[in-house]
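Just passing along the structure, written as structure tokens.
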Amino acid sequence: MCCSQLQTLKNLSMLTLEAGAAGLNREISWLYFADTLESVDNVSSPDIWIDGNELFVVTHPSILNDIPKMCRMMEVANHKQAAGFIMEATGIRPEYITLADELKLPLFSLPKNLRTVDLSQILCTALIEERNAEGTLEKLLLQLLHGNLTMKENILYNASLHGIDLQQPFRVAIFDIENFQHFLQKHNIAREESIDRIRRHYLNSVRSQFESATGQTVMSTIEDYHIVTLIPTKTVTRETFHRVVDEIHTDNIYYRDIALNISVGCEYSQLNQISRSFAEATRLASLIPVLSPDHRVLYYEDAEFYSLILFSDNKDYLKAFHQRTLGELIRYDQVRNTQLVETLAAFCHNNGHISAAADELFIHRNTLRYRLEKISSILQADLSDYNTLTNLIIALKVGKYLNLE
């Protein structure tokens with residue numbers, strides 16, 4: 001649940017957002033009642049009592065009237081990635097509003113006619129119900145991803161209870177945090193609880209953004225440390241998908257240096273084909289840095305030839321074909337420090353057009369012609385022959401793929 005959903009809960013519409021609107025996408029894990037002097041006194045040692053994503057509730061006048069300590073609590077809570085603050089309305093000072101806006105930390109005012117015990121009951125009940133629903137859907141999705149459809153009717157029925165129609169076209173998208181281990185080392189994050197919280201945060205972010213875009217419940221889970229989402233293609237076009245991904249990155253207020261690589265399987269309309277889309281997205285993930293380094297999103301059907309070799313488990317055969325076709329040219333480049341493989345790749349990439357290939361390589365057309373004659377001589381191949389050129393193009397693509405291993 002995000003802070004933006006607080007006021008939509010029954011009997012909580014009377015809460016008023018006073019500041020920190022830019023942070024309304026923050027996730028709420030639980031409530032923390034900071035109404036004791038111990039809470040304020042221990043604010044400099046937050047690891048003891050803050051796990052992250054707590055929604056702080058402060059109503060005691062003696063705490064709200066201590067502006068320096070209250071501001072310090074807000075700063076530390078923000079550093080520990082708290083969800084936000086709820087304060088008794090008459091105790092909110094201008095300093096708290098200013099600071100909440102600066103930190104993008106949602107600050108709500110609690111009216112006198114809403115008791116804290118009622119607030120706790122309403123919100124905690126909603127959080128528990130949400131977790132139970134998410135847990136059920138995550139288990140259902142895992143069954144679909146791994147093709148466990150022995151109880152197909154039960155899966156369809158249980159999904160429908162949450163407003164999900166599984167008898168429509170879907171594709172599977174995998175969201176992978178790029179260089180996650182490097183990211184953890186950079187921020188000195190080692191506790192498994194903290195690592196899991198980061199993953200859950202991005203899982204919730206992906207899920208909530210797609211639900212906002214579609215107006216319906218979206219199935220998402222964590223599998224092998226990746227975020228896996230079932231995308232309903234009737235409501236999520238490519239344009240919508242890219243817009244949602246941009247919003248996920250824009251709304252990332254916790255770690256600005258996190259980047260998501262996203263691989264997307266093909267669209268299928270049968271329930272037993274969801275596992276195929278998942279397999280496609282899984283294998284495609286390794287190609288994103290090469291085929292889509294700027295956009296970080298790659299669709300299986302856009303991988304073209306690579307989508308064929310991705311499902312070849314015989315890497316030795318691919319390597320042998322690559323060496324058999326281009327081995328002599330690679331060795332020539334290594335011994336003489338030339339760029340004939342690069343020249344051949346440019347020639348093929350430009351469909352055999354001399355001028356376009358020469359421009360790409362920043363060389364004269366006569367220089368390119370000389371190099372092509374040299375390549376033909378080394379490989380004992382006729383570059384004007386269609387079958388020969390096809391094999392060379394395939395070998396170049398295989399080499400590009402194998403370099404990822």
Could you check whether atom CE of Met151 has more than 12 heavy atoms from other residues, nucleotides or ligands sitting under 6.0 Å from it?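 Incorrect, the count does not exceed 12.
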
Any heavy-atom pair between the side chains of Met70 and Met73 that's under 4.5 Å?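 Answer yes - side chains close enough.
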
Is it true that the side chains of Asn53 and Arg200 contain a donor and an acceptor less than 3.5 Å apart?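 There is no such pair between these side chains.
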
Checking the side chain of Thr233 only, and the main-chain atoms of Val236 only, is there a donor and an acceptor separated by less than 3.5 Å?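 No.
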
How close do Leu156 and Leu271 get, counting heavy atoms only, and between which atoms?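 Minimum heavy-atom contact is CD2-CD2, 4.1 Å.
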
Tell me whether Arg365 at atom CZ has more than 12 heavy atoms from other residues, nucleotides or ligands lying less than 6.0 Å away. no

Where does the angle between the aromatic ring planes of Phe183 and Phe180 fall among parallel (under 30°), tilted (30 to 60°) and perpendicular (over 60°)?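 Rings of Phe183 and Phe180: parallel, as their planes differ by under 30°.
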
Between Ser13 and Gln7, is there a donor-acceptor pair closer than 3.5 Å when you use the side chain of the first and the backbone of the second?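 No, the answer is negative, given that no donor and acceptor are paired below the 3.5 Å cut-off.
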
Trace of the salt bridge (Lys or Arg N to Asp or Glu O under 4.0 Å) decision for Glu267 with Lys234: CA-CA 10 Å; Glu267 175 189 298; Lys234 280 186 178 180; over 6 Å; no

When rounded to the nearest 0.5 angstrom, what is the spacing between NZ in Lys80 and CD in Glu75?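 Answer for the NZ-CD pair, Lys80 versus Glu75, is 15.5 Å.
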
What is the distance from atom CZ of Arg197 to atom CG of Asn204, rounded to the nearest 0.5 Å?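 It comes to 12.0 Å.
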
Nearest-0.5 Å distance that lies between atom OG1 in Thr136 and atom NZ in Lys139: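 Taking OG1 in Thr136 and NZ in Lys139, the distance rounds to 6.5 Å.
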
Here the salt bridge (charged side-chain N to carboxylate O under 4.0 Å, His left out) pairs for residues 107-121, sequence neighbours left out, are Glu88-Lys112, Arg115-Asp118

Glu247 CD to Gln209 CD distance, which is reported to the nearest 0.5 Å: 5.0 Å

What verdict does the side-chain contact (heavy atoms from CB on, under 4.5 Å) test give for Val172 and Glu280, after you've listed the backbone C-alpha separation in whole Å, the side-chain angles of each residue and the deciding distance to 0.1 Å? CA-CA 9 Å; Val172 173; Glu280 292 167 349; over 6 Å; no

Exam field: side chain Thr8 to backbone Gln5, donor-acceptor pair closer than 3.5 Å: yes

Side chains of Leu166 and Leu144: does their closest heavy-atom pair fall under 4.5 Å?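 Contact flag for Leu166/Leu144 side chains = yes.
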
Look at the side chain of Thr125 and the backbone N and O of Ile122, then say whether any donor-acceptor pair between them is shorter than 3.5 Å.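 No, the answer is negative, given that no donor and acceptor are paired below the 3.5 Å cut-off.
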
Main chain of Leu340, side chain of Asp333: is a donor-acceptor contact present, judged purely on distance under 3.5 Å? yes

As a quick check of understanding, evaluate side-chain contact (heavy atoms from CB on, under 4.5 Å) for Ile28 and Leu6, giving each step before the final call. CA-CA 9 Å; Ile28 302 172; Leu6 265 183; 3.9 Å; yes

Which heavy atom of Ala19 sits nearest a heavy atom of Ile97, and at what distance? CB-O, 3.5 Å

Strictly distance-based, threshold 3.5 Å: is any side-chain N or O of Gln273 a donor or acceptor partner for the main-chain N or O of Tyr268? no

Is there a donor-acceptor pair closer than 3.5 Å between any side-chain N or O of Tyr96 and the backbone N or O of Leu64? yes

I want to check something: taking the side chain as every heavy atom from C-beta on, are Glu193 and Asp196 in contact at a cut-off of under 4.5 Å? no

Can we call the ring centroids of Phe241 and Phe210 under 6.0 Å apart?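 Judged by ring-centre distance (under 6.0 Å), Phe241 and Phe210 do meet the cut-off.
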
Verify side-chain contact (heavy atoms from CB on, under 4.5 Å) between Leu396 and Leu326, making sure each step is shown before the conclusion. CA-CA 8 Å; Leu396 288 167; Leu326 291 175; 3.8 Å; yes

Less than 3.5 Å apart, which donor and acceptor atoms pair up between the side chains of residues 217-225 and the rest of the protein, not counting sequence neighbours?
{"from": "Thr217", "atom 1": "OG1", "to": "His162", "atom 2": "O", "distance (Å)": "3.2"}
{"from": "Ser220", "atom 1": "OG", "to": "Val228", "atom 2": "O", "distance (Å)": "3.2"}
{"from": "Ser220", "atom 1": "OG", "to": "Thr229", "atom 2": "OG1", "distance (Å)": "2.9"}
{"from": "Glu223", "atom 1": "OE2", "to": "His146", "atom 2": "NE2", "distance (Å)": "2.6"}

Could you check whether any side-chain N or O of Thr16 sits under 3.5 Å from a backbone N or O of Glu18, counting only pairs where one atom can act as donor and the other as acceptor? no

Yes or no on salt bridge (Lys or Arg N to Asp or Glu O under 4.0 Å) for Arg238 and Asp302, after CA distance, side-chain angles and deciding distance? CA-CA 12 Å; Arg238 283 203 181 199; Asp302 291 345; 2.7 Å; yes

Atom pair OG1/CD1 of Thr325 and Ile394 - distance to nearest 0.5 Å: 8.5 Å

Do the non-hydrogen side-chain atoms of Ile164 and Gln216 ever get within less than 4.5 Å of each other? no

What is the minimum heavy-atom distance between Ser109 and Pro111, and which atoms define it? O-CD, 3.6 Å

Any side-chain donor paired with an acceptor under 3.5 Å for Arg26 and Gln81? no

Quick one: list whatever passes side chain to side chain contact (heavy atoms under 4.5 Å, CB included) with Thr150, sequence neighbours left out.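 Result, side chain to side chain contact (heavy atoms under 4.5 Å, CB included) vs Thr150: Asn148.
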
Contact between Asn25 and Cys3 at the side-chain level, heavy atoms closer than 4.5 Å - yes or no? no

Any side-chain to backbone donor/acceptor pair from Arg171 onto Gly265? Under 3.5 Å, distance only. yes

What closest approach, in Å, do Leu119 and Leu114 show between heavy atoms, and which atom pair accounts for it? N-CD1, 4.4 Å

Carboxylate-amine/guanidinium proximity below 4.0 Å for Arg207 and Glu138: yes

Under a 4.5 Å cut-off applied to non-hydrogen side-chain atoms, are Asp176 and Ser263 in contact? no

Hey, are the side chains of Ile177 and Asn261 touching, using non-hydrogen atoms and a 4.5 Å cut-off? no

May I ask you to decide whether Glu328 forms a salt bridge with Arg331, counting only side-chain N to carboxylate O separations under 4.0 Å?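 Between Arg331 and Glu328 there is a salt bridge, with a charged N closer than 4.0 Å to a carboxylate O.
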
Side chains of Asn350 and Glu360: is there a donor and an acceptor less than 3.5 Å apart?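 Yes, a side-chain donor-acceptor pair sits under 3.5 Å.
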
Measure the spacing between CG of Asn11 and CG of Asn113 and express it to the nearest 0.5 Å.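 Atom-to-atom, Asn11:CG and Asn113:CG are 10.5 Å apart.
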
Audit row: Tyr32, Val57, side-chain contact (heavy atoms from CB on, under 4.5 Å) steps and yes/no: CA-CA 6 Å; Tyr32 180 82; Val57 181; over 6 Å; no

Could you tell me if the side chain of Thr59 sits less than 4.5 Å from the side chain of Leu110, heavy atoms only?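 Leu110 vs Thr59: side chains touch.
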
Between Asp101 (side chain) and Gly20 (backbone), is there a donor-acceptor pair under 3.5 Å? yes

Tell me yes or no: between the side chains of His60 and Ser62, is some donor less than 3.5 Å from an acceptor?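 A donor-acceptor contact under 3.5 Å links the two side chains.
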
Would one find more than 12 heavy atoms of other residues, nucleotides or ligands at under 6.0 Å from atom CD of Glu239?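 Open: at most 12 neighbouring heavy atoms sit under 6.0 Å from CD of Glu239.
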
Nearest atoms (heavy-atom pairs only) where Ala159 meets Leu140: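 Heavy-atom minimum between the residues: N-CD1, 3.9 Å.
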
Please report the shortest heavy-atom distance between Ala82 and Phe56, naming the atom on each side. CB-CE1, 3.7 Å

Can you confirm whether Asn132 is buried at CG, in the sense that more than 12 heavy atoms of other residues, nucleotides or ligands lie under 6.0 Å from that atom?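 Yes - once you tally the heavy atoms of other residues, nucleotides and ligands closer than 6.0 Å, there are more than 12.
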
